[in-house]
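The shown structure was predicted, so the numbers you read here are calculated from the model rather than taken from an experiment. Quick note on labels: first sequence line is chain A, next is B, and so on, each numbered from 1. FYI, side chains are in, hydrogens and waters are out, and symmetry mates aren't considered; it's all heavy atoms of this structure.
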Number of protein chains: 2
Amino acid sequence: MNISRFTDYSLRVLIYLAAAKETSHIITIKEVAERYQISKNHLMKVVQELSANNHINATRGKNGGIKLNTAPENINIGQLVRSIEQGSTLVECFGKDNQCVITSSCQLKRMFAQAMESFFDCLDQYTLADLIKGENKAELRQVLMIPIE
Amino acid sequence: MNISRFTDYSLRVLIYLAAAKETSHIITIKEVAERYQISKNHLMKVVQELSANNHINATRGKNGGIKLNTAPENINIGQLVRSIEQGSTLVECFGKDNQCVITSSCQLKRMFAQAMESFFDCLDQYTLADLIKGENKAELRQVLMIPIE
DNA sequence: TAAAAGATGCATTTTAAATGAATCTTATTT
DNA sequence: AAATAAGATTCATTTAAAATGCATCTTTTA
């Protein structure tokens, strides 16, 4: 059972931006990629999608960068992961080119769909704010070398 | 979000065997692979694991074959999927070679672990028997061309 | 107008999973 | 005993999705 690195990176970007909130320092994709030591190219695409979904605001050009578009409290983890992972195929029968011969008389799809809903419903309990609560925020700022100012 | 074909095939084998229960006809891996139109080689490995976990009984030699080791009611879907998918890496920080720099101050792992538990807990509600209930059994026997006798 | 940022499209690499193939082991039947 | 038919095992190969890299385009600001 796994979730794409794309989704993982999406969350990392949001955590970075949330941890750096209330800071005057401008954040770029390059910086985020360097601090996390992950591929800048991949991160560009991740940012592009987050931006397309209005979770973050990306500005081009000199002094451009990325920042959160809403308060961390308003970014729900379940909804976010759902939206990124939508279109993924949990098992063959969820996919477009399903070849399973018993599909019509198989109850598995129903069960798995329900289980997946439980998974997301659980994540629905949390928002981005829960990820930078308490001591976490300071710790994240430190590990990610986000200047406090 | 996805689950391996290995797990999918495991369920298909069990469904086949459950649907063919109370039938005198001996079932071989070859037959199951043919009916589902899937790789016999892969299925062999699937069967091997199901057999190692005592879910099914495999006998070699002439007139050998595979059959369920317990009543379908006793094979829990959640437990089964859990056992096959154990060791899979939901996201990087679940894995052995986790490189994520914020791991120590990140709450995501906890949240995802909880969500995964919800997923399996949901599947825990069902057993193999639920997959061959009512009309399903007859339908499965027909699609899979299992002789009724 | 130069520099610095993100956007985009295409190519390549990586990796895990799936599949194939060959051989080994076990059991049964003749 | 020998032949046959089943699963078990090991190693090699293929596949497909995801990730990454690269080049170029677009936008913004100093």
Asker: Using the closest heavy atom to pick a nucleotide of DNA chain C for each, name whichever of A:Asn2 or A:Met44 lands nearer the 5' end.
Answerer: A:Met44

Asker: Would you mind checking if A:Glu49 and A:Lys45 are paired as a salt bridge, meaning a charged N to carboxylate O distance below 4.0 Å?
Answerer: no

Asker: Atom NZ of A:Lys67 to atom C1' of C:dG6: distance rounded to whole Å?
Answerer: 14 Å

Asker: D:dA19 P sits how many Å from A:Tyr36 OH, rounded?
Answerer: 16 Å

Asker: To the nearest Å, give me how far apart NZ (A:Lys40) and C1' (D:dA23) are.
Answerer: 12 Å

Asker: OP1 or OP2 of C:dT19 sitting under 4.0 Å from any side-chain N/O of B:Tyr9?
Answerer: yes

Asker: A:Thr23 versus A:Arg141: any side-chain heavy-atom pair under 4.5 Å?
Answerer: yes

Asker: In the 5'-to-3' direction, what one-character label does each nucleotide of nucleotides 22-30 of chain C receive under the scheme B = base within less than 4.0 Å of a protein heavy atom, S = sugar-phosphate only, - = no such atom?
Answerer: ---BBBBS-

Asker: Please examine the side chains of B:Leu128 and B:Leu68, heavy atoms only from C-beta on, and report whether any two atoms are closer than 4.5 Å.
Answerer: yes

Asker: Using the side-chain heavy atoms of B:Ser39, tell me which of these nucleotides is nearest: D:dA6, C:dG20, D:dT9.
Answerer: C:dG20

Asker: C:dT8, OP1 or OP2 - any side-chain N/O from A:Gln48 closer than 4.0 Å?
Answerer: yes

Asker: Testing B:Val13, B:Ile146, B:Ile56, B:Val32 one by one against B:Ile27 for a side-chain contact (heavy atoms from CB on, under 4.5 Å), which residue passes?
Answerer: B:Val32

Asker: A:Glu31 has an atom CD; how far is it from atom P of C:dG6, in whole Å?
Answerer: 10 Å

Asker: Rounding to a whole Å, what distance do you find between A:Asp8:CG and D:dA18:P?
Answerer: 14 Å

Asker: I'd like to know if A:Lys45 reaches the base of C:dG6 with its side chain such that a donor and an acceptor end up less than 3.5 angstrom apart.
Answerer: no

Asker: Nearest-Å distance, NE2 (B:His42) to C1' (C:dT19)?
Answerer: 8 Å

Asker: If we count only N and O atoms by modelled type, under 3.5 Å, do the side chains of A:Asn98 and A:Thr103 hold a donor and an acceptor together?
Answerer: yes

Asker: Any side-chain to backbone donor/acceptor pair from B:Asn57 onto B:Lys67? Under 3.5 Å, distance only.
Answerer: no

Asker: Carefully, step by step, assess B:Lys133 and B:Asp130 under the rule salt bridge (Lys or Arg N to Asp or Glu O under 4.0 Å).
Answerer: CA-CA 5 Å; B:Lys133 265 200 310 218; B:Asp130 294 312; 3.1 Å; yes

Asker: Mind calculating the distance between CD1 (A:Ile26) and P (C:dA5) to the nearest angstrom?
Answerer: 9 Å

Asker: Quick one: is A:Arg5 getting a side-chain N or O under 4.0 Å of the C:dT15 phosphate, OP1 or OP2?
Answerer: no

Asker: For the pair made of CD1 in B:Ile3 and P in C:dA17, what is the distance, rounded to whole Å?
Answerer: 12 Å

